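Counting starts at 1 for both ligands and their atoms, in listed order. A quick note: this is a predicted structure, and the numbers were derived from the prediction, not measured.
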Amino acid sequence: MAFLLKKINLNPKKMKNQTKVVEYNLKASAFNWAIAAGKTIEAWGFNRQVPGPVLKANVGDTMIIRVTNNLVEPTSVHWHGVCLPASMDGTDGAQKPIAPGEIFEYRFVVRQAGTFWYHSHTNETVQMEKGMYGALVVEDETDPVTDGEKIFMIDDMKLDADNKFTTPGWSVPRVIERHDGREGDTLLLNGKENSIIPIHAGHTERWRLINSASARYFMLHLGGKAFKIIGTDGGLLEHPRLVTEVLITPGERVDIAAGPFEEGETFAIESLVYNRSTFLKAKRQTFATVRVGAPKDSVAYIPDTLRTIEPLAPHDAAITRRIKLSVVPSFKEGLDFKVNEKVHVNDKPVKVGELQIWEIDNVSLMDHPFHLHGFFFQVIEENGKKPEYKAWKDTYNIKPRTKVKIAWMPDNRPGTWMYHCHIIEHHAAGMMAYFDVIDESTPYSEKVAQHNHHHIL
Ligand SMILES: [Cu+2]
């Protein structure tokens, strides 16, 4: 039976009967969190843990997630990568932030399998830094069979000698943090420093990596061992890619098949240096250590073809919108981070069903991870060249002086959406835009009704 299922590439553990309703309660609060023995921080997070609980569902399920705000300030939750209705997207454009003491019920159907995550979308530079994030995993029967699965949320925190969060203070450090984004030397994997990660010799596991840091570029390296990239933001790739390193920028996800390793091996999960033109120089840093234990039989099977991704548009498709990202000196703030020469932009609407071909032109001298809310896109061209492979993305690194062409289709989910740089300090400094997806067949009164439906006051 198992053999036959492998042949037709179905995962027996994930065969679904019918779709269901999956309910979770998330309570946002302040609490003490031990990041290492004897090292405790005053975190903010969900259900008194960093990261918050892993939320899981199968493709087609309805997720109902009740968020209670027990913080001293408003919050909201964005479901990064999930193609949900606009009113559930968790941004200021989509909902009134959840006031202290209030509850908001998010409800959406998960239509794609993949590694997603949730995080605060209010006062993010503070709330995300303090730990307000968690993983959301959607499984499907077409997922490859592995011997196990681990989720790794990568983060760093900037703490002082007393393990308190630093606040960007006086003018020079303030401008550096605004320019570079906030990076700290407290390196966390699933909210812990220096974790030991066990794996059995002979096993191949699926590791879902999520970069939940404010600004850190994470160049994954497993002590030089080869691993297969099997998926990214919008689920599986067409074919595994055998590599020894891969860049994961803030907001991005990479799924890998790790192993098999040999008994007794030990190696670091580390980030190699990636130079993104910051004031503070990037360092090679270790986030955790893998220890390979006693051998076990493997049932893992990573096929050469994981799925098919239909191309949305040819690489030379005509551009429908140009987005220029720039960083310019500002008298008031030192630096402004701009979209089409402005900060905090309201961009033109797009129409349901009209293929979008956007050119994102990064004229600045530093990298920006571009994030589109609610819709997956395909990169169809980068500086005039077709990419080597197809992938569904919601976050893509735009290198300095680089033009990237993306294609995406606004399906029938009208409302207010946004795109922004996922370096949280750049987003806060203006590199963001709201835009509407408009469906000219829906009367305005119905749109208002949809928009207000889920507020619980
Ligand atoms: Cu940026």
Asker: Any Lys/Arg nitrogen of Lys393 or Glu252 sitting under 4.0 Å from an Asp/Glu carboxylate oxygen of the other?
Answerer: yes

Asker: Excluding waters, which protein N, O or S atoms are within less than 2.8 Å of the Cu ion (ligand 1)?
Answerer: His368 ND1, Cys421 SG, His426 ND1

Asker: What residue pairs, at least two apart or across chains, pass salt bridge (charged side-chain N to carboxylate O under 4.0 Å, His left out) with a residue in residues 67-82?
Answerer: none

Asker: When you check the gap from the basic side-chain N to the acidic O, do Arg253 and Asp233 get nearer than 4.0 Å?
Answerer: yes

Asker: Which value, rounded to the nearest 0.5 Å, describes the distance between Met88 atom CE and Trp79 atom CH2?
Answerer: 10.0 Å

Asker: Side chains of residues 423-434: which donor-acceptor pairs under 3.5 Å do they make with residues two or more places apart or in other chains?
Answerer:
from: Glu425; atom 1: OE1; to: Arg182; atom 2: N; distance (Å): 3.1
from: His426; atom 1: ND1; to: His368; atom 2: ND1; distance (Å): 3.2
from: His426; atom 1: NE2; to: His179; atom 2: O; distance (Å): 2.7
from: Tyr434; atom 1: OH; to: Gly93; atom 2: N; distance (Å): 3.4

Asker: Could you pull out every donor-acceptor pair under 3.5 Å between side chains of residues 209-219 and any protein atom, sequence neighbours left out?
Answerer:
from: Asn211; atom 1: OD1; to: Ala213; atom 2: N; distance (Å): 2.9
from: Asn211; atom 1: ND2; to: Arg216; atom 2: O; distance (Å): 2.8
from: Asn211; atom 1: ND2; to: Ile248; atom 2: O; distance (Å): 2.9
from: Ser212; atom 1: OG; to: Ile154; atom 2: O; distance (Å): 2.8
from: Arg216; atom 1: NE; to: Asp156; atom 2: OD2; distance (Å): 2.8
from: Arg216; atom 1: NH1; to: Gln285; atom 2: OE1; distance (Å): 2.7
from: Arg216; atom 1: NH2; to: Asp156; atom 2: OD2; distance (Å): 3.2
from: Arg216; atom 1: NH2; to: Gly184; atom 2: O; distance (Å): 2.9
from: Tyr217; atom 1: OH; to: Asn397; atom 2: OD1; distance (Å): 2.6

